[in-house]
K.L.:
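Mind looking over this structure? Questions follow.
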Amino acid sequence: PDQKLIVWDVATAKKIVETETEVEAEVVSFNPADNDDLFTLGNGVCHFYCVEKTYKTYAIHAKELEKEDLIPVCHGWIPGGLVYIGCEGGQLVIADCKTRSLINPGDSSTFLDIPTPICALAVHREHVLLAGHDGVLRFFSHAKSTDGTQVEMSSLFELSISGPDEYLEVTSMNYSPLFNEVLVATSEASLHKVTLAPKQKDPEASQSSITVSDVQPFATLTTWAEYHFGPVTGLISLPSGYHFATCGIDGTLRVWDAQTKSLVSKRQFASKQMCLAGSASAGMLAMGSSEGV
């Protein structure tokens with residue numbers, strides 16, 4: 001809320017560089033292919049940032065993404081420095097980190113348009129998963145060119161996590177390290193799991209290949225041993241694949257056993273926890289609170 005973007009050194013816990021932002025940055029992420037590139041999203045405004053090291057210091061440069069009349073709400077990185085951006089109007093667009101602009105697939109910049117606002121998305125190596133405000137999870141193939149000019153994304157599968165008399169808005173989604181499961185958190189403090197079952201493949205096919213058209217989801221709503229009190233704001237699978245962590249408005253950080261669905265550890269903080277990220281190389285989790293801590 002102080003409209004500052006600060007980059008920290010994880011090993012030393014020291015500030016590397018900071019800059020003022022034009023709007024509050026509600027979400028920030030690093031480019032997995034280049035940690036000098038960052039993406040922020042807040043109040044419907046997107047910015048790309050580039051961190052450059054000079055002789056003794058660091059500098060950071062920003063450029064706002066021109067997005068026409070779209071209202072971005074979530075994003076996910078694609079290998080190669082591209083970013084999927086889900087919008088309030090149900091549109092899905094793609095931005096290029098290097099050119100810092102939207103990719104135009106045809107007459108408009110929209111690659112996909114679903115009939116409900118997109119509230120969360122997650123990127124699989126073979127598809128993208130969109131969560132709508134209607135409680136439906138929609139799997140789509142990645143954007144690909146069919147004739148050199150036309151670009152299409154095919155619908156692969158749909159799954160509703162809401163029952164007939166309930167409304168569940170997805171707040172966060174995260175794939176397991178093996179990409180065979182996706183964990184889903186909602187505004188009603190519930191946690192769910194969808195399992196992607198490998199297709200019966202040809203013996204010569206890659207053993208790691210997963211075809212989404214043959215996904216067999218964990219279709220029932222999972223009842224965990226203990227719930228958060230209020231919306232779950234962060235969700236991340238831990239590198240081992242056996243555990244995952246969540247944080248929420250209730251100020252707690254919780255670690256869960258992904259197999260037994262039981263609560264392994266819980267820590268209470270004084271303020272609301274708004275986001276959660278992890279570093280496999282550093283062996284640590286990082287949370288951001290409503291108090292700026």
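For this chain, numbers begin at 1 and follow the sequence in order.
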K.L.:
Is atom CD of E88 surrounded by more than 12 heavy atoms (other residues, nucleotides or ligands) closer than 6.0 Å?
P.N.:
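12 or below, so no.
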K.L.:
Quick one: CZ on R254 to CD on Q273, what's the gap to the nearest 0.5 Å?
P.N.:
12.0 Å
K.L.:
Under a 3.5 Å threshold, yes or no: a donor from one side chain and an acceptor from the other, between H228 and T252?
P.N.:
yes
K.L.:
State the CG-CD1 distance between L82 and I94, to the nearest 0.5 angstrom.
P.N.:
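Taking CG in L82 and CD1 in I94, the distance rounds to 6.5 Å.
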K.L.:
Ring centres under 6.0 Å, that's the criterion: do H127 and Y175 meet it?
P.N.:
yes
K.L.:
Are D34 and K98 side-chain neighbours, meaning at least one heavy-atom pair lies under 4.5 Å?
P.N.:
yes
K.L.:
Take F269 and S289, measure what side-chain contact (heavy atoms from CB on, under 4.5 Å) needs, and give me the verdict at the end.
P.N.:
CA-CA 9 Å; F269 293 86; S289 77; over 6 Å; no
K.L.:
Side chains of F140 and L112: closer than 4.5 Å at any heavy-atom pair?
P.N.:
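Of all side-chain heavy-atom pairs linking L112 with F140, at least one is under 4.5 Å.
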K.L.:
Check the side chains of S262 and D257 for a donor-acceptor pair under 3.5 angstrom, ignoring hydrogens and angles.
P.N.:
no
K.L.:
Rounded to the nearest 0.5 Å, how far does NZ of K14 lie from CH2 of W8?
P.N.:
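Nearest 0.5 Å value for the CH2-NZ distance: 11.5 Å.
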K.L.:
Here's a test for you: under side-chain contact (heavy atoms from CB on, under 4.5 Å), which of T171, I249, D250 qualifies with T233?
P.N.:
I249
K.L.:
Can any side-chain N or O of N43 pair as donor or acceptor with the backbone N or O of V45 at less than 3.5 Å?
P.N.:
no
